[in-house]
Amino acid sequence: MSIYDSLNKEQKSAVMQTEGPVLILAGAGSGKTRVITHRIAWLIDECGVNPWNILAITFTNKAAGEMRERVDKLVGFGSESIWVSTFHSMCARILRRYIDRIGYDTSFAIYDTDDQKTVIKDILKKLGVDPKEMAPRAVLSAISSAKNELVTPLRYREDTARDYRERVIAEAYDEYQRTLRSNNALDFDDLLMLTVELFNADEEVLHYYQDRFKYIMVDEYQDTNTAQFELIRLLAGKYRNLCVVGDDDQSIYKFRGANIRNILDFEKLYPDAFVVRLEQNYRSTQNVLSAANAVIKNNTKRKSKTLRTDLGEGSLIHFRAFQTAPEEAAFIAQDIERCMRKDRKLSYKDFAVLYRTNAQSRLLEEKLIMESVPYNVVGGTNFYERREIRDMLAYLKTVCNAVDDLAVRRIINVPRRGIGATTIGRMTDFAAQQSMNLFDAMCDELCLAGIGRASVKVKEFTDLILEFREFAKTASVQNLIRHVVEKTNYEEELRASEEEDAEDRIANIDELISKAASYEESRELSEEGATLSGFLEEVALIADIDDVEEGDDRVLLMTLHSAKGLEFPHVYMAGMEDGLFPSRMSIDDADDDAVEEERRLAYVGITRAKEELTLTYAMSRMMRGDVHYSGISRFVLEIPQELLDEKPVALSGRRDDSMRLDFDDLPDSDDFSDRGYRSRGRGGHGSQGYGSQGYDSKSYGGEGYGSAGYHGLSSYGAGAPRTDRRPKAVYVPPHTKEERKPFIAKQATSLQKGMPAAGTKPDYVEGDRVRHIKYGEGTVLKIEENPRDYKVTVMFDEAGQKIMYAAFARLEKV
DNA sequence: AAGCTATCCATCTGC
DNA sequence: TGGATAGCTT
């Protein structure tokens with residue numbers, strides 16, 4: 001009895017066809033990961049392939065981790081030398097070694113979306129483009145598409161720049177790329193594009209990797225974009241042992257450049273490809289599959305296949321309609337509790353609630369809190385997007401890559417050290433003139449001479465960084481972070497700021513330190529070992545889904561996109577409304593491909609369910625400030641009625657009554673208004689202790705980061721008294737506006753402010769001509785003495801009459 | 001310099 | 001709705 005006996009006929013043929021191009025069309029739940037892992041085992045054990053020569057590419061780190069784990073179990077030893085990684089981290093790894101051959105430095109930084117936005121905004125400003133007529137977002141997305149299609153700025157200009165808009169984009173793209181290069185930074189798309197560029201530019205490097213990766217496997221092939229396609233094509237160019245696995249019905253990343261043609265045309269590129277279809281599903285009941293099949297068959301462009309299962313008919317698909325979204329959310333929360341009570345074998349982690357947009361999570365969170373259901377939200381606000389984390393990372397980046405102006409700017413005055421916008425502006429100008437980077441300018445005597453008193457502060461800052469850099473040479477990453485926190489007085493400043501969540505933020509920094517520690521631990525045995533740039537890279541490339549703690553007994557809330565590749569006994573799909581899902585945009589799109597993509601997303605959602613699938617619909621829902629009414633999603637209507645336990649008809653609403661829905665008719669409608677929330681004390685089950693504090697979703701909601709996994713939540717059963725549900729952790733969920741509030745170092749500020757300004761008498765009198773930095777010249781009409789300052793009224797020649805305070809206006813006598 | 005307010009505005013999905 | 005920002009006030 002061998003490990004391969006457990007495979008079905010098709011799976012076996014896919015495993016054993018080791019040579020040449022192979023296309024595995026793997027329907028949802030058809031055991032494709034099993035096929036890949038067994039194929040790797042087969043290559044090593046039966047074909048004598050060196051594990052070193054095998055490359056397996058997945059889309060997320062989580063998938064990579066799981067795959068490696070499973071391979072470890074199948075393969076005796078040597079599995080650690082198999083490359084299992086995502087496209088992005090594979091490219092980062094290759095570039096860390098060889099990018100100097102195409103003119104970057106190997107200590108490059110990786111920019112995330114926020115960094116990109118900062119850069120592009122700057123550029124648009126420089127180009128004199130009004131952000132109103134051309135959104136930075138849109139420009140970035142055009143640049144991203146270009147990169148995904150391997151179009152360089154030069155070619156973009158030549159081929160694309162026809163109208164004004166495209167010319168601006170061409171200009172911005174070029175400038176953007178220059179900026180990144182001078183900051184020695186790459187964005188996500190660069191990782192792919194520059195690796196292709198490297199391979200094309202340097203035969204030696206290409207041959208090295210072609211020879212290294214004699215056997216290549218790519219998971220989720222339907223979601224590859226042109227750059228990824230080209231990368232793979234180049235890598236497999238010599239041995240042609242390329243096995244791709246995918247499901248065209250699950251292609252859901254078109255907006256990110258994924259080209260479904262990559263999978264549909266695989267056989268055209270490789271006419272000798274061996275093609276296998278896996279249609280036997282091992283995950284879901286027949287009813288779930290029938291629903292999925294019924295929906296997806298409405299798509300025209302697909303390699304048709306029909307899933308089948310031996311797991312029995314199963315329950316009907318549940319459909320529930322509600323008048324309002326809060327009712328929908330309340331139902332889901334209560335239904336989870338109901339199932340938990342009914343079936344003691346279930347635990348919270350057996351449930352997932354899926355939705356189209358992240359914004360939908362809030363309402364669900366509220367209701368889950370009310371029902372005392374522990375949950376985790378995947379995505380939304382990322383741990384690494386927190387201000388304190390970004391600050392720390394900016395310090396690390398500055399230490400690691402001195403030329404990254406963006407990182408330097410972020411921390412130059414955080415915590416407050418009296419280096420203001422004016423000083424930074426002057427130094428930036430100097431740097432631009434001398435075409436040097438900001439940090440070097442700050443170290444330059446000539447530059448310091450030009451900024452007066454502030455130069456002392458700047459010197460202190462650069463000395464601090466230089467000291468960190470020295471420290472980093474011998475210290476571990478975790479100790480470096482500790483050192484930075486200590487030397488910058490970050491914690492004290494935070495506490496002094498009187499910010500409400502200062503302690504949470506400090507806890508987050510501790511969390512970052514432990515992430516650094518576990519990174520270092522994981523690299524102990526690896527080739528390159530732990531490095532600062534390695535840590536920054538890992539941090540930059542994690543996806544939301546990667547951070548979900550295994551073994552955490554919580555209901556998972558996430559977008560349909562995040563759910564790809566996962567499975568749950570109970571799945572809820574919330575917000576099944578035309579206009580939300582499929583989205584308005586896709587419906588209005590002239591191209592019906594748009595709705596087809598949404599349909600694939602629906603297919604992905606449905607096929608996540610193993611046993612119970614519940615689709616919910618809310619007739620009305622608050623969206624961006626006002627109430628929206630929608631009909632039932634076409635995807636629900638595409639499911640044959642006999643598969644549903646309830647007819648998909650909207651509750652009788654009174655549309656003409658606008659907002660005044662009649663709540664008294666409804667059994668569970670008391671939680672629509674604010675009043676309703678509070679009066680809910682009578683509530684269902686296990687909510688004791690929650691009435692008053694429970695509503696503070698801030699301190700409860702998305703906390704589940706890291707440490708939250710260890711709060712012993714996994715042990716209690718439904719109905720048990722739950723008193724201490726409030727985790728110690730730390731991660732303050734998305735909803736806070738506190739988030740971006742600047743660092744208010746109250747004490748420091750008042751100290752600095754205390755002395756100056758107030759008493760200084762201006763050197764001009766009424767009737768004098770004065771000059772203002774912004775308004776130009778004018779005549780002083782009136783000067784009044786205030787307790788704190790002098791109030792000056794000036795009639796400017798251009799700008800008209802202004803009242804200002806002498807200390808701030810800094811008027812010069814002409 | 002920096003907080004505060006008033007106003008605008010855009011909305012999906014994510015490595 | 002709430003986040004981002006420009007402009008005004010202190």
Side-chain angles (χ1 to χ4, degrees), chain A residues 58-62 86-92 110-113 116-117 121 131-132 135-138 141 144 148 187-192 220 223-225 227-228 252-258 354-360 362-363 378-380 382 413 416 418-424 540-546 558-564 575 579-586 594 597-598 600-601 604 621-628 734-737 739-746 749-750 752-753 756-758 774 786-789 791 802-810:
Chain A
T58 61
F59 259 73
T60 64
N61 293 299
K62 185 165 188 269
T86 65
F87 271 107
H88 291 272
S89 48
M90 172 183 82
C91 290
I110 298 173
Y111 275 2
D112 64 21
T113 321
Q116 292 179 287
K117 225 174 172 178
K121 271 186 192 162
K132 269 165 203 150
R137 255 177 83 91
S141 120
S144 174
N148 287 329
D187 64 22
F188 292 130
D189 303 315
D190 284 335
L191 290 171
L192 305 170
E220 309 281 12
D223 282 326
T224 51
N225 61 35
Q228 290 161 331
I252 56 174
Y253 282 108
K254 188 168 178 208
F255 70 94
R256 221 171 66 200
L354 312 182
Y355 37 78
R356 181 65 232 276
T357 66
N358 274 127
Q360 288 167 259
R362 290 195 185 180
L363 221 38
V378 178
N382 192 302
N413 201 30
R416 293 271 148 78
I419 306 177
T422 322
T423 308
I424 297 173
L541 297 180
I542 45 160
D544 291 330
I545 195 75
D546 295 336
M558 70 189 112
T559 61
L560 288 152
H561 282 89
S562 296
K564 195 173 66 161
L580 180 60
F581 186 37
S583 70
R584 180 88 266 140
M585 283 225 273
S586 67
E597 169 121 340
E598 300 268 312
R600 290 192 289 271
L601 197 52
V604 167
R621 168 184 307 275
M622 283 288 250
M623 283 166 94
R624 49 171 196 260
D626 40 32
V627 183
H628 281 245
H735 335 268
T736 72
K737 345 179 168 162
E739 190 31 34
R740 301 261 149 80
K741 241 208 234 155
F743 217 107
I744 325 158
K746 272 216 170 148
T749 337
S750 52
Q752 284 164 10
K753 260 193 189 164
K774 195 163 106 202
N786 265 18
R788 290 189 64 88
D789 199 357
K791 200 161 142 193
K802 301 277 174 197
I803 299 170
M804 45 189 65
Y805 286 83
F808 295 100
R810 278 185 293 159

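Below, chains carry the letters A, B, ... as their sequence lines are ordered, and counting in each starts from 1.
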For a 4.5 angstrom cut-off between non-hydrogen side-chain atoms, does A:Leu580 reach A:Tyr355?
no

Between A:Ile419 and A:Ser583, who's closer to the 5' end of DNA chain B by nearest nucleotide?
A:Ile419

Check the angle between the aromatic planes of A:Tyr253 and A:Phe59 and answer parallel, tilted or perpendicular using the 30° and 60° thresholds.
parallel

Side chain of A:His561 (C-beta onward), nearest among B:dG14, B:dA2, B:dC12:
B:dG14

In whole Å, I'd like the distance from the CZ atom of A:Phe255 to the P atom of B:dT11.
14 Å

Rounded to the nearest angstrom, tell me the gap between atom CG in A:Leu580 and atom P in B:dT11.
16 Å

Could you tell me how far apart A:Arg137 (CZ) and C:dT5 (P) are, to the nearest whole angstrom?
13 Å

B:dC12 OP1/OP2 closer than 4.0 Å to side-chain N/O of A:Arg584
no

Whole-Å distance separating the OH atom of A:Tyr355 from the C1' atom of B:dG14
14 Å

Please report the distance separating the P of C:dA4 from the corresponding atom of B:dT13, rounded so that it comes out in whole Å.
15 Å

Starting at NZ of A:Lys254 and ending at P of B:dC15, how long is that distance when rounded to a whole Å?
20 Å

Below 4.0 Å: OP1/OP2 of B:dG14 and any side-chain N or O of A:Thr559
yes

Base, sugar-phosphate, or nothing: which does A:Phe581 touch, judged by heavy atoms less than 4.0 Å apart?
nothing

Choosing from C:dG3, C:dT1, B:dC15, which nucleotide comes nearest the side chain of A:Thr113?
B:dC15

NE2-CG distance between A:His88 and A:Asp189, expressed to the nearest 0.5 angstrom
7.0 Å

Considering the options A:Asp190, A:Thr86, A:Leu192, A:Leu541, which one meets the side chain to side chain contact (heavy atoms under 4.5 Å, CB included) requirement together with A:Cys91?
A:Leu192

For the pair made of CD in A:Gln360 and P in B:dC12, what is the distance, rounded to whole Å?
12 Å

Check the phosphate of B:dC15 against A:Asn225, side-chain N and O only, distance under 4.0 Å to OP1 or OP2. Yes or no?
no

Picking from B:dC12, B:dG3, B:dC15, the nucleotide nearest the side-chain atoms of A:Arg416 would be B:dG3

Tell me: CD1 of A:Ile424 to C1' of B:dA2, nearest whole Å?
13 Å

What is the distance, rounded to the nearest whole Å, between atom CD of A:Glu598 and atom C1' of B:dC12?
8 Å

Please confirm whether the shortest side-chain N or O distance from A:Thr422 to OP1 or OP2 of B:dA1 is below 4.0 Å.
yes

A:Asn358 side chain N/O closer than 4.0 Å to the phosphate oxygens (OP1, OP2) of B:dT13?
yes

Nearest heavy atom decides the nucleotide; on that basis, is A:Ala421 or A:Arg256 closer to the 5' end of DNA chain B?
A:Ala421

When we call it a touch if two heavy atoms are under 4.0 Å apart, what does A:Thr60 touch: a base, just sugar-phosphate, or nothing?
nothing

A:Ile110 CD1 to A:Leu191 CG distance, which is reported to the nearest 0.5 Å:
5.0 Å

How long is the gap from OG on A:Ser586 to CZ on A:Arg356, to the nearest 0.5 Å?
7.0 Å

Counting the atoms with a prime plus P, OP1 and OP2 as sugar-phosphate, which does A:Lys121 contact under 4.0 Å by heavy atoms, base, sugar-phosphate, or nothing?
sugar-phosphate

Checking all strands, does A:Met623 fall into the base, sugar-phosphate, or nothing category for heavy-atom contacts under 4.0 angstrom?
nothing

Ignoring hydrogens and angles, are the base of B:dT13 and the side chain of A:Arg356 linked by a donor-acceptor pair under 3.5 Å?
yes

